[in-house]
Engineer: 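First the structure, then my questions, so here it is.
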Amino acid sequence: MRHFLECHRLFVATPPAAALRSIRRAYFSTSASSLKLDGGVSLVQGASRGIGLEFVKQLLEKNDKGHVVATCRNPDGATGLLELKTKFTERLSILQLDLTVETTIEASAKSITERYGFLNLLINASGILSIPNVLQPETTLSKVEKSSLMLAYEINAVGPTLVIKHMWPLLKAGGGSGTERDVAVVASLSARVGSIGDNRLGGWHSYRSSKAALNQLTKTVSVEFGRKKDPVICILLHPGTVDTDLSRPFQRNVPEGKLFTKEFSVQKLLNIINNVKSHDNGKFFAWDGQEIPW
Ligand SMILES: NC(=O)c1ccc[n+]([C@@H]2O[C@H](COP(=O)([O-])OP(=O)(O)OC[C@H]3O[C@@H](n4cnc5c(N)ncnc54)[C@H](OP(=O)(O)O)[C@@H]3O)[C@@H](O)[C@H]2O)c1
């Protein structure tokens with residue numbers, strides 16, 4: 001409150017433009033945490049394993065000043081994240097977030113507000129394709145179940161959108177991963193099979209349609225973001241077919257050389273994220289930077 005009053009006094013005592021500069025100077029010179037946060041703050045949601053965990057690793061390794069908040073359903077069981085925490089004790093925070101429980105999304109936003117006050121980059125890296133005895137990618141309409149459609153939709157489309165909603169007030173321009181990026185970025189992991197225009201094979205009704213829903217929700221959010229004074233760029237990313245738990249049961253038919261490592265895919269995706277421009281807002285990119293049709 002005292003800080004606000006000091007800024008407010010500066011504002012009323014000086015002409016508007018100079019006052020704004022003074023407020024900015026006052027804020028950045030008096031905030032101890034801003035000195036420690038030169039490298040920005042990134043949030044990776046769905047960070048326990050797979051592509052999300054690799055994003056956390058590369059964000060920490062490539063930007064030696066950047067802070068990363070990693071969220072997952074069960075922090076105590078997230079061994080990969082806990083290992084990273086021993087190496088990057090100060091720069092990595094781990095928070096509990098389950099996409100199906102909105103209060104955990106709100107609680108994470110509150111923790112980030114209290115600890116950092118802002119975010120420069122939000123990556124939604126979670127997703128489900130199959131869960132043994134619960135969800136199997138459908139090969140025919142006769143195998144489509146209401147419960148599978150609803151579950152895929154809840155985790156792949158609804159959850160990431162609620163994360164964007166609750167983190168939105170925190171999103172601020174800045175170098176979230178050690179780059180010259182001067183805009184805040186939201187990147188959600190989609191999948192090429194979510195493209196309606198590209199659907200030639202059929203099948204995987206739940207997964208495909210949930211990713212198509214994620215694409216439409218994200219595109220809709222991007223239009224609203226684009227209208228704001230300090231726009232946030234919102235993109236969708238297809239990581240390629242990547243060697244993770246998600247793709248493992250389906251890797252048999254992947255052509256030689258087309259199964260990527262997590263390291264390779266995330267390197268490519270970070271390259272896209274770090275180079276996005278305002279005109280990229282609302283686009284759906286593959287790992288190689290090519291746009292994917294809706
Ligand atoms: N791998 C590929 O070939 C491929 C291809 C195209 C698109 N993608 C997309 O890329 C993203 C990452 O996939 P991946 O290969 O890294 O998958 P993965 O290794 O199976 O990891 C999935 C992540 O999602 C999390 N998750 C699942 N349900 C959740 C929930 N209710 N709340 C919060 N987190 C939840 C998991 O957490 P738990 O550990 O708690 O389960 C895990 O961290 C997904 O959106 C996927 O659709 C992947």
Side-chain angles (χ1 to χ4, degrees), residues 43-58 69-82 84 94-105 107-108 122-132 134-135 137 150-164 166 186-195 198 204 206-215 217-218 235-255 258-266 268-270 272-273 284-288 292:
L43 166 62
V44 182
Q45 184 280 120
S48 60
R49 54 199 167 91
I51 294 170
L53 178 61
E54 183 61 26
F55 264 118
V56 176
K57 187 164 174 278
Q58 291 196 22
V69 181
T71 68
C72 60
R73 281 194 288 187
N74 175 19
D76 292 340
T79 49
L81 277 181
L82 295 174
L84 284 176
I94 304 172
L95 298 175
Q96 198 269 338
L97 187 157
D98 184 331
L99 288 172
T100 64
V101 185
E102 192 171 357
T103 50
T104 66
I105 305 175
S108 293
L122 159 60
I123 299 174
N124 273 313
S126 52
I128 52 163
L129 168 58
S130 67
I131 301 174
V134 176
L135 173 67
M150 299 306 274
L151 182 63
Y153 193 78
E154 181 176 31
I155 293 173
N156 292 343
V158 177
T161 306
L162 293 177
V163 172
I164 301 173
H166 290 294
V186 173
S188 292
L189 272 282
S190 183
R192 190 185 289 277
V193 297
S195 162
D198 196 58
W204 293 18
S206 298
Y207 186 67
R208 270 184 200 283
S209 59
S210 66
K211 290 294 189 181
L214 172 70
N215 290 356
L217 284 162
T218 309
I235 55 171
L236 292 143
L237 296 171
H238 166 62
T241 305
V242 186
D243 187 10
T244 63
D245 296 340
L246 181 138
S247 68
R248 204 146 293 132
F250 313 97
Q251 288 177 3
R252 228 175 352 178
N253 297 327
V254 180
K258 295 284 185 200
L259 182 63
F260 300 153
T261 63
K262 292 174 289 210
E263 292 78 5
F264 173 82
S265 174
V266 168
K268 292 286 184 185
L269 298 179
L270 274 178
I272 295 173
I273 289 170
F284 180 17
F285 292 109
W287 59 274
D288 57 1
I292 299 177

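Count residues from 1 along the sequence. As the structure lists them, so they are numbered: ligands from 1, and atoms in each ligand from 1.
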Engineer: In terms of residue, atom name and distance, what is the protein heavy atom nearest to atom 31 (N) of ligand 1?
Structural biologist: D98 OD1, 3.1 Å
Engineer: Taking P239's backbone N and O only, do any of them form a donor-acceptor pair with S265's side chain (distance below 3.5 Å, no angle check)?
Structural biologist: yes
Engineer: Tell me, which protein residue and heavy-atom name are nearest atom 12 (C) of ligand 1, and how many Å apart are they?
Structural biologist: A125 O, 3.0 Å
Engineer: Could you identify the single nearest non-hydrogen protein atom to atom 32 (N) of ligand 1 and state the distance to 0.1 Å?
Structural biologist: L99 N, 3.0 Å
Engineer: With a 4.0 Å cut-off on heavy atoms, does R192 reach ligand 1?
Structural biologist: no
Engineer: Nearest to atom 36 (C) of ligand 1, what protein heavy atom do you find, and at what distance?
Structural biologist: R49 NH2, 3.7 Å
Engineer: Of all residues at least two apart in sequence or in a different chain, which pass the side chain to side chain contact (heavy atoms under 4.5 Å, CB included) check with S209?
Structural biologist: L149
Engineer: Going by the order shown, which atoms of ligand 1 are within less than 4.0 Å of some heavy atom of S48?
Structural biologist: 36 (C), 37 (O), 38 (P), 39 (O), 42 (C), 43 (O)
Engineer: Please report, to 0.1 Å, the donor-acceptor pairs under 3.5 Å made by any side chain of residues 150-157, with sequence neighbours excluded.
Structural biologist:
unit_1 : atom_1 : unit_2 : atom_2 : d
N156   : OD1    : I128   : N      : 2.9
N156   : ND2    : I128   : O      : 2.9
N156   : ND2    : S210   : OG     : 3.0

Engineer: When you measure from atom 8 (N) of ligand 1 to every protein heavy atom, which one gives the shortest distance, and what is it?
Structural biologist: P239 CG, 3.6 Å
Engineer: Just need the protein heavy atom nearest to atom 9 (C) of ligand 1, so name the residue and atom and give the distance.
Structural biologist: S190 O, 3.6 Å
Engineer: Which ligand 1 atoms, with their elements, are less than 4.0 angstrom from a heavy-atom of S247?
Structural biologist: 3 (O)
Engineer: What protein heavy atom sits nearest atom 14 (P) of ligand 1, and how far off is it?
Structural biologist: T244 OG1, 3.7 Å
Engineer: Where is the nearest protein heavy atom to atom 40 (O) of ligand 1: which residue, which atom, and how far?
Structural biologist: R73 NE, 2.9 Å
